[in-house]
Colleague: 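Dropping a structure here in structure tokens format, bear with me for questions.
Lettering of chains follows the sequences in order, A, B, ..., and the numbering in each one begins at 1.
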There are 2 protein chains.
Amino acid sequence: MTSTASLHEFCARRGDVATPCRHCGAREFNICQALDAAQQDKLLALATRLQLGKRERLFAAGDPARHVYNLTEGAVSVSRSLADGRRQILGFLLPGDFLGLEPGESHHCDAETLTEAKVCRFERTTFETFLQDNPEVALRLLRIASSDLAQAARHELLLGRKTAVERIATFLLDLRDRSGARHLRTHPLALPMTRSEIADYTGLTIETVSRVLGRLRSGKVIELVGASAVRVLDDEELERLSGAS
Amino acid sequence: MTSTASLHEFCARRGDVATPCRHCGAREFNICQALDAAQQDKLLALATRLQLGKRERLFAAGDPARHVYNLTEGAVSVSRSLADGRRQILGFLLPGDFLGLEPGESHHCDAETLTEAKVCRFERTTFETFLQDNPEVALRLLRIASSDLAQAARHELLLGRKTAVERIATFLLDLRDRSGARHLRTHPLALPMTRSEIADYTGLTIETVSRVLGRLRSGKVIELVGASAVRVLDDEELERLSGAS
DNA sequence: CGGTGGATTGAGGTAGATCAACATGCGTGG
DNA sequence: CCACGCATGTTGATCTACCTCAATCCACCG
């Protein structure tokens, strides 16, 4: 199940620093973009490649934070739960996304695959040494972290102040924008997560998620393609309904 | 109103890297802690000291992100709003806290003082150059950012899944823990923010905040000392009510 | 095909919002 | 030092968006 990553498996190498990773797909803040070919080689030598099944756990809250990860294929949910089981999903990760960075010694949240997935895993200590030797990567990671913070801010606004319709509309638009580069507008947008996971992301219940999607459907704003894909029919209306901040 | 910071105004210098900043008070992730005396001097030479009044705006969402800040005195709220005025407060900053780091060219949120405050302000470009020359500071900032992300995760859980009582209890405990080093247990805990700001932080209304505080008071869990201070009478009960994750 | 786990739909309940009246305390000026 | 006036905060009555509980429905997979 684990093997050392080959060059192409982790990240295409080019002289041009801004070139997106060929394996991960284009990601604005992909960590590789700070690296030249020689540095990519060094980093790749440190990675362990993992193939994960559906609903497989990468780590749980409280686990010692021994590794950091870069998702290369599939989708992952990051969540945090209360003792009685109430769960808040913090975000859905897509290929190119980085996860597992912790300020302390243990993970503060759970990470679990939604689909089959591939990740590059690094020993935390090894990765930190690499960061010390390659400060530009640390700076890029800092940009990734502040980008994540900005996204967390948008999510807090959604959870604290938006209505059910606004939450679902925002969720759909976010998802579309993030997977947008890989899909044509006319293609249906894949929903790799269940209604329960959408509910836990939006702070609603599955019934409300279902009802809101139903309302959007009968209002001709979206079309449901099976239960796990959506086609956006009316961009502007969806935008309007999202309560754009 | 602005002047170059003196050494003590920004940060006490010591050979010991782990020594907390004497001016800011002890903060686990204070940026100064990564610096030796010579580096502190260099950083201080770059800082502009600002004295701010009550309810003064540091920056608003959309403003070009030209500066970063380090709060040295007072309290600041960071928030994000919808077009119709609904506001979500993302956090309250206390002395030692760093703010203003952005992934893009403009601020994604608003920052406003709650009280009179003092900040050290840095030109963003100057600060970024400093980071490039002092990678250990970039690494410390990365720890600060991941600490902020972990706090954002707790806040998302609060906003998405906690009841009104749990939200207020969590808020009070957080505030106490963060200002704890500076207050004895028996001293009342200052609430520098209004009910409206507590409401916008917890995703509730001012009426609900007032009612929940009232209920905690009549349950002998807290004591209200005027409207803007609280004494925690029953730690364990408050902890229990917070729905500790 | 038939079973099973997700998704949908419906009926009714409730936590917290909203609307409204009143209290309090604090800064200001007399 | 006190009286006034406005901000902020509290309390009460009602409303409603969303939750809860419950009954199907449906799609996928053996």
Colleague: For the base of dC19(C), is there a side-chain donor-acceptor partner from E207(B) under 3.5 Å away?
Modeller: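 Such a pair is found, so the answer is yes.
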
Colleague: Base, sugar-phosphate, or nothing: which does T194(B) touch, judged by heavy atoms less than 4.0 Å apart?
Modeller: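 It contacts sugar-phosphate atoms only.
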
Colleague: Using atom types as modelled and distance alone, determine if a side-chain donor or acceptor of Q88(A) lies under 3.5 Å from a backbone N or O of Y201(A).
Modeller: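 Yes, because the side chain of Q88(A) sits within donor-acceptor range (under 3.5 Å) of the backbone of Y201(A).
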
Colleague: Base, sugar-phosphate alone, or nothing: which one does L213(B) contact when heavy atoms must sit under 4.0 Å apart?
Modeller: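 The residue L213(B) makes no contact with any strand.
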
Colleague: Roughly, in whole Å, what's the span from CG in L216(B) to C1' in dT10(D)?
Modeller: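 Going from CG in L216(B) over to C1' in dT10(D) covers 15 Å.
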
Colleague: Provide, to the nearest angstrom, the distance between the CZ atom belonging to R167(B) and the P atom belonging to dA15(C).
Modeller: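 Value for this atom pair: 14 Å.
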
Colleague: OP1, OP2 of dA17(C) versus side-chain N and O of T205(B): anything below 4.0 Å?
Modeller: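 The answer is yes; a side-chain N or O of T205(B) sits under 4.0 Å from OP1 or OP2.
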
Colleague: Is there, by distance only and without an angle test, a donor paired with an acceptor across the side chain of R211(B) and the base of dG12(D) below 3.5 Å?
Modeller: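 Present.
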
Colleague: Bend angle of the helix from dC1(C)-dG30(D) to dA23(C)-dT8(D) from five-pair axes at both ends, rounded to 10°?
Modeller: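 Computed angle between terminal axes is 40°.
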
Colleague: Please list all pairs passing the salt bridge (charged side-chain N to carboxylate O under 4.0 Å, His left out) test where one or both residues lie in residues 216-230 of chain A, with sequence neighbours left out.
Modeller: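 As it turns out, the salt bridge (charged side-chain N to carboxylate O under 4.0 Å, His left out) pairs with a partner in residues 216-230 of chain A, which skip direct neighbours, are E223(A)-R231(A).
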
Colleague: Just so I know, are the side chains of L50(A) and T48(A) near enough to count as touching, which here means a heavy-atom distance under 4.5 Å?
Modeller: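 Side chain of L50(A) against side chain of T48(A), heavy atoms only: contact under 4.5 Å found.
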
Colleague: Looking at R80(A) and H108(A), would you say the former's side chain and the latter's main chain have a donor-acceptor pair under 3.5 Å?
Modeller: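 The answer is yes, because a donor-acceptor pair under 3.5 Å joins these two groups.
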
Colleague: Given atom CD1 of I168(A) and atom C1' of dA17(D), what is their separation to the nearest angstrom?
Modeller: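 Computing the I168(A):CD1 to dA17(D):C1' distance gives 14 Å.
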
Colleague: To the nearest angstrom, how far is R86(A) atom CZ from dT20(D) atom C1'?
Modeller: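 Going from CZ in R86(A) over to C1' in dT20(D) covers 15 Å.
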
Colleague: I'd like to know if the side chain of T194(B) reaches the main chain of E197(B), judged simply by a donor and an acceptor atom lying under 3.5 Å from each other, with no hydrogens or angles considered.
Modeller: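 A pair under 3.5 Å: yes.
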
Colleague: Side-chain N or O of T208(A) less than 4.0 angstrom from OP1 or OP2 on dC19(D)?
Modeller: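 For dC19(D), OP1 or OP2 has a side-chain N or O of T208(A) closer than 4.0 Å.
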
Colleague: Could you check if the base of dA7(D) is syn or anti? Syn means the glycosidic torsion is within 90 degrees of 0.
Modeller: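 Judged by the O4'-C1' to base torsion, dA7(D) sits in syn, the angle falling within 90° of 0.
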
Colleague: Rounding to a whole Å, what distance do you find between E166(A):CD and dA17(D):C1'?
Modeller: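 Atom CD in E166(A) sits about 12 Å away from atom C1' in dA17(D).
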
Colleague: Sequence neighbours left out, what pairs pass salt bridge (charged side-chain N to carboxylate O under 4.0 Å, His left out) with at least one residue falling in residues 153-173 of chain A?
Modeller: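 Every salt bridge (charged side-chain N to carboxylate O under 4.0 Å, His left out) pair that includes a residue of residues 153-173 of chain A, provided the two are not neighbours, is R161(A)-D200(B), E166(A)-R86(B).
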
Colleague: On DNA chain C, does the nearest nucleotide to M193(A) precede the nearest nucleotide to R161(A) from the 5' side, or the other way round? Give the residue.
Modeller: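 Per heavy-atom nearest nucleotide, the more 5' residue is M193(A).
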
Colleague: To the nearest angstrom, how far is I206(B) atom CD1 from dC22(C) atom C1'?
Modeller: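 Between C1' of dC22(C) and CD1 of I206(B): 14 Å.
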
Colleague: What is the distance, rounded to the nearest whole Å, between atom CG of L224(B) and atom C1' of dT24(C)?
Modeller: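 It works out to 13 Å between those atoms.
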
Colleague: Whether the side chain of D110(A) engages the backbone of A61(A) through a donor-acceptor N/O pair (distance < 3.5 Å, no angle test) should be reported.
Modeller: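 Checked: pair present.
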
Colleague: Check whether any side-chain nitrogen or oxygen of R195(A) sits under 4.0 Å from OP1 or OP2 of dT8(C), and answer yes or no.
Modeller: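 Yes, R195(A) has a side-chain N/O under 4.0 Å of OP1/OP2 on dT8(C).
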
Colleague: For A164(B) and for S228(A), locate the closest nucleotide of DNA chain C by heavy-atom distance; then report the residue assigned to the nucleotide nearer the 5' terminus.
Modeller: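 Checking each residue's closest nucleotide, the 5'-ward one belongs to S228(A).
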
Colleague: 5'-most contact on DNA chain D: K162(A) or A227(B), nearest heavy atom basis?
Modeller: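 The 5'-side residue here is A227(B).
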
Colleague: Whole Å only: how far is the CZ atom of R55(A) from the P atom of dG5(C)?
Modeller: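 The distance from CZ of R55(A) to P of dG5(C) comes to 14 Å, rounded to the nearest Å.
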
Colleague: Check whether S242(A) reaches the backbone of A169(A) with its side chain - one donor and one acceptor, N or O, closer than 3.5 Å.
Modeller: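 Checking the backbone N and O of A169(A) against the side chain of S242(A), no donor-acceptor pair under 3.5 Å is found.
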
Colleague: Would you classify L204(A) as touching base, sugar-phosphate or nothing, given that sugar-phosphate means primed atoms plus P, OP1 and OP2, and contacts are heavy atoms under 4.0 Å?
Modeller: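 Sugar-phosphate contact only.
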
